[in-house]
Amino acid sequence: MYADIVTIFPDYFAPLDLSLVGKARRAGLVDWRVHDLRDWTHDRHRTVDDTPYGGGAGMVMKPEPWGEALDQLLAEAWSTPTLVIPTPAGVPFTQAMAHELAAAPHLMFACGRYEGIDARVAEHAASRMPVREVSIGDYVLNGGEVAVLAMMEAIVRLVPGVVGNPESLVEESHAVGSGLLEYPSYTKPMHWRGLDVPAVLLSGDHGRVDAWRAARSLERTAARRPDLLPPTQD
Ligand SMILES: Oc1ccccc1-c1ccno1
């Protein structure tokens, strides 16, 4: 998977070179380039925003720099990229979408700021590549950079070879398939501040352990995310 990330804050993405994602890049499993949107401006102030038509507070990102940036990156692309635009108005980013994007050869991320990007940028881009306007949750950020960091981590870890033990990707919360939240986990010591590890986990009976974990997963999902529960059979 290769990604182009366009932003007015390139330094936001230095953390991608840390930990697992950085290790995957150094192993040649993934790669990305971060681009400063202002490199596609032509005025002395390197202007990227302007007031909204129709009035209202805040500023909107101008279409011209984005258009020129996407033109150049598309011209340099080896395959048709998928353009991912984080926005509070987007479709929910899910584990299933992370799997889908992890299989895409080339992603482009457009990090909006201010009140967003002129709507014509996504509209025009859709005439030449798949465009996904995506939200990472029902809250408002100051820009798309944090959302792209989260999505890059969720996506890169699914690229084959990145996670040492692929088994560990199966039993996670929101793992595609079960769709339920993960059960609680424990490690040594057995006793800690008056709290003990559940005895079943020390039993060595894998059938009982699996049944206990399934029950805890269902219980936790019912308590925290009833929307993820499978439909009841009428
Ligand atoms: O709140 C935002 C502002 C800019 C770009 C993205 C977002 C956002 C919020 C939730 N998911 O994405």
Side-chain angles (χ1 to χ4, degrees), residues 1 3-16 18 21 30 32-41 46-70 73-74 81-102 104 106-126 129-158 172-176 179 181 224-225 227-228:
M1 188 277 292
D4 283 301
I5 303 171
V6 184
T7 170
I8 60 172
F9 293 115
D11 293 348
Y12 241 104
F13 295 97
L16 284 180
L18 304 173
V21 177
V30 297
W32 62 87
R33 281 188 304 170
V34 181
H35 311 274
D36 186 341
L37 178 68
R38 295 188 195 276
D39 290 348
W40 286 281
T41 61
R46 309 187 83 201
T47 308
V48 293
D49 64 323
D50 205 333
T51 54
Y53 277 119
M59 303 287 272
V60 175
M61 297 192 96
K62 294 168 58 61
E64 300 97 322
W66 282 107
E68 291 185 29
L70 297 180
L73 297 177
L74 202 50
T82 295
L83 176 62
V84 179
I85 306 176
T87 167
V91 300
F93 179 69
T94 62
Q95 190 67 7
M97 191 186 294
H99 276 282
E100 180 195 331
L101 296 177
H106 186 177
L107 300 176
M108 281 190 192
F109 290 99
C111 299
R113 281 264 144 183
Y114 313 108
E115 297 311 309
I117 303 172
D118 184 299
R120 290 168 293 182
V121 172
E123 184 179 348
H124 183 268
M129 70 189 101
V131 176
R132 311 292 294 271
E133 295 190 68
V134 178
S135 165
I136 62 166
D138 293 336
Y139 42 80
V140 181
L141 303 166
N142 291 323
E145 286 79 9
V146 165
V148 172
L149 281 170
M151 288 192 275
M152 277 290 284
E153 175 141 332
I155 292 163
V156 167
R157 63 194 302 279
L158 298 175
E172 294 182 321
S173 290
H174 306 292
V176 177
L181 300 185
R224 298 177 184 176
R225 289 293 304 277
D227 58 299
L228 296 177

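The analysis underlying the following values was restricted to heavy atoms, covering all of them including side chains, and did not include hydrogens, waters or symmetry mates. As the structure is a prediction and not an experimental result, all values here were calculated from the model. Just follow the structure's listing: the first ligand is 1, and inside any ligand the first atom is 1.
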Subset of ligand 1 atoms that lie under 4.0 Å from at least one heavy atom of [X]:
X	answer
Gly144	4 (C), 5 (C), 6 (C)
Pro86	5 (C), 6 (C)
Ser135	10 (C), 11 (N)
Val140	1 (O)

### Message
How about CD on Glu100, more than 12 heavy atoms from neighbouring residues, nucleotides or ligands closer than 6.0 Å, or not?
### Response
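Atom CD in Glu100 is crowded, with more than 12 foreign heavy atoms closer than 6.0 Å.
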### Message
For Tyr139, is the OH atom crowded, meaning more than 12 foreign heavy atoms sit under 6.0 Å from it?
### Response
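Above 12, so yes.
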May I ask you to identify the nearest protein heavy atom to [atom], giving residue, atom name and distance to one decimal place in Å?
atom	answer
atom 8 (C) of ligand 1	Pro88 N, 3.6 Å
atom 9 (C) of ligand 1	Tyr139 O, 3.2 Å
atom 10 (C) of ligand 1	Gly137 O, 3.3 Å
atom 1 (O) of ligand 1	Leu141 N, 2.6 Å
atom 11 (N) of ligand 1	Ile136 N, 2.9 Å

### Side-chain (Thr47) to main-chain (Asp49) donor-acceptor, under 3.5 angstrom
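Looks like no, no N/O pair under 3.5 Å.
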### Query
Where's the contact between Thr87 and ligand 1, heavy-atom distance under 4.0 Å: side chain, backbone, both or neither?
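Near ligand 1, Thr87 shows its backbone, while the atoms from C-beta on stay back.
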### Task
Test Trp66 against every option in Ile117, Val48, Asp118 by the side-chain contact (heavy atoms from CB on, under 4.5 Å) rule and name the one that passes.
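For Trp66, the side-chain contact (heavy atoms from CB on, under 4.5 Å) test succeeds with only one of Ile117, Val48, Asp118, which is Ile117.
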Considering all heavy atoms, the nearest [X]-[Y] contact:
X	Y	value
Pro81	Pro130	O-CD, 3.4 Å
Met1	Leu101	CG-O, 4.1 Å
Glu145	Cys111	OE2-CB, 3.4 Å
Ile85	Ala122	CD1-CB, 3.8 Å

### Task
Say whether Gly143, considering both its backbone and side-chain N or O atoms, lies within less than 3.5 Å of an N or O atom on ligand 1.
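No; the residue has no nitrogen or oxygen that sits under 3.5 Å from a nitrogen or oxygen of the ligand.
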